[in-house]
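Ligands are counted one by one from 1 in listed order, and the atoms in each one are counted from 1 as well. Keep in mind that this is a model prediction, so the values were computed, not measured. Index from 1, following the sequence.
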Amino acid sequence: MTATHPVTRSPYLSGNYAPTPDERQLELTVVAGKIPADLRGVFVRNGSNPRFEPEGRYHWFDGDGMIHAVHFNAEGAHYRNRWVVTAGFEAETEAGTALWRGILEPPDLSKFPQVFKDTANTDLVWFNGELLALWWLGGDAYRISLPDLETLGTETFAGTLTSHIAAHPKVDPSTGELLFIDFDPIPPYLTFGVVSAEGQVVRSENVALDGPRLQHDLAFTDDYAIVFDFPFMWETDASSTRLGFHRDRPSRFGLVPRCGTATETTWFETDPCFMYHVANAWQEDGTVRMVGCEISDPLVDDRDSPADRRTVPEIAMLRLEPYLTEWVFHLDSGTITKRRLNDEIAEFPKIDVRRTGRPSRYTYLMRFAQLETLAFDAVIRHDLTTATAITHPWPDGWYGGETVFCPKQGTTAEDDGYLVTFVVHEETGQSEVHVLDAARLGDEAVCRLSVPVRVPTGYHTWWVPQAELDAQR
Ligand SMILES: [Fe+2]
């Protein structure tokens, strides 16, 4: 499957953001170190890769989903990349051209309810024996087979799903459940749902908000799901889609009881902010602790713009200033304590997902490089227990993607594993896979593998251990 891409004006269509027109299956070559014998499974990464020349202004979030995967097994490391074949992708393939405009263009309401193309380009999650590809604005969950990355269709959970699913659903390793949200610019603005470990939606409820919000993540603990009401609001009409940040309104964090209903949600209020990604949350000594990347003002350079000109320049260019932050919700008093944990501008937090919803010590963060476009020049391991961090910079001129924590086979300790990611040279597009020892960050890579093709910059990652791959449905 191939396509062509003329050079266009968006920086997110050039350099290492330029989409690849090719789907490839290639063997990787070790260029340093060796592939650890206890690293067995598939590393997958989703991202935006428009097949056709975009109509109008392009935003990085608009492109068709493409998954890049590396399967580590006894024979070596095997690379594959493939588009997620969504309904929108199929329609555009049949038409031979782009049919949807992106989020920087006025919304085409004639396409309602799919005003923007559901690209499934954002996130990946392994749940109940299958890999699902998800979209940031809430869409279908596309089933992806491993390691060949074939799109198998949409997951309806045996017909029980009554909403869409947004990116970043969370698997509870204790119960095997999948917790998810869906959100819309029209009521109901926010839906919270739970899929049982057996794969049936057992809960789908509206969480009361007084208007549409940009949502991107959720968190959970043993007793609560945590949902967000940030004052970062959709202002969509027939002529534009805008996001307005209302600095005069608080951020609200909703603790939805996992045994109960959304009408029993307890809300905690604090300073206005926004957050794309949560690292983790858990209960401890009468509190709920949540760690995530706070953005104190997502439209910081837009502060003096008149209300009708809030056209989200920072969202367009992703010049954000997120900091790893801890919120402590005091259940008795209904108050919040907040503190910044790390002074680096960093995002894309990842943890050992076996500890999701329970105490975790380490968060892996990607540090922002000082570039016009979003790029990561280092991975940081933040240690919550000692309040210290280790920084592992990528080599000069190289930028890494989101790392994923891969436990060593047969181990359970929180940092006894590897961090794996794609690392790409800014000028040449030369691409590698780096395998780092999570407990010895800062040391030389355990292994570096050369990818014979350029791997465009992308979004979120997942690790599917070989044992789970062997049990794939
Ligand atoms: Fe995300």
Side-chain angles (χ1 to χ4, degrees), residues 12 17 44-49 59-68 84 102-103 116 118-127 131-142 144 164-171 178-183 190 213-220 226-228 230 232 234 243 273-281 290-295 298 312 314-325 345-351 353 356 363-368 373-376 379 400-405 421-422 456-463:
Y12 284 99
Y17 285 89
V44 279
R45 199 215 68 198
N46 208 342
S48 172
N49 198 83
H59 187 285
W60 186 36
F61 293 174
D62 293 336
D64 298 295
M66 178 178 271
I67 300 172
H68 300 256
V84 184
I103 58 169
F116 301 110
D118 174 359
T119 58
N121 70 6
T122 312
D123 189 25
L124 295 162
V125 66
W126 180 265
F127 170 65
L131 186 71
L132 301 175
L134 301 143
W135 186 43
W136 68 294
L137 286 176
D140 288 321
Y142 280 89
I144 307 294
H164 284 139
I165 295 185
H168 302 298
K170 296 280 184 295
V171 178
L178 184 77
L179 287 72
F180 68 91
I181 59 164
D182 182 34
F183 62 101
L190 177 61
R213 307 285 187 269
L214 180 62
Q215 304 281 352
H216 196 78
D217 207 346
L218 82 160
F220 72 86
I226 308 174
V227 296
F228 310 124
F230 297 120
F232 199 24
W234 286 117
L243 284 162
C273 70
F274 184 67
M275 175 175 61
Y276 276 102
H277 299 115
V278 171
N280 201 10
M290 184 178 74
V291 175
C293 293
E294 183 193 42
I295 299 163
V312 295
E314 284 70 34
I315 291 297
M317 301 312 297
L318 298 167
R319 287 192 200 108
L320 303 167
E321 292 194 3
Y323 294 98
L324 192 69
T325 299
I345 296 175
E347 237 282 355
F348 284 58
K350 295 289 273 190
I351 61 162
V353 294
T356 314
T363 303
Y364 306 98
L365 295 158
M366 311 308 127
R367 188 175 73 183
F368 282 26
T373 50
L374 183 67
F376 304 128
V379 53
E402 181 181 271
T403 63
V404 69
F405 177 79
T421 192
F422 291 111
T457 305
Y459 309 127
H460 295 296
T461 55
W462 198 264
W463 170 252

**Message:** Tell me whether R45 is salt-bridged to E402, with the criterion being a basic N under 4.0 Å from an acidic carboxylate O.
**Reply:** no
**Complete:** Contacts of S48 meeting side chain to side chain contact (heavy atoms under 4.5 Å, CB included) (sequence neighbours excluded), chain-then-number -> P50, Y58, W60, N121, Y459
**Asked** What count do you get for protein N/O/S atoms less than 2.8 Å from the Fe ion (ligand 1)?
**Response** 4
**Asked** Do the ring centers of F230 and F232 come within less than 6.0 Å of each other?
**Response** no
**Message:** Does the plane of the ring in H68 sit parallel, tilted or perpendicular to the ring in F422? Use 30° and 60° as the thresholds.
**Reply:** perpendicular
**Prompt:** Does the side chain of T421 reach to within under 4.5 Å of the side chain of V404, using non-hydrogen atoms?
**Reply:** no
**Message:** Is the distance from the ring center of F348 to that of H460 below 6.0 Å?
**Reply:** yes
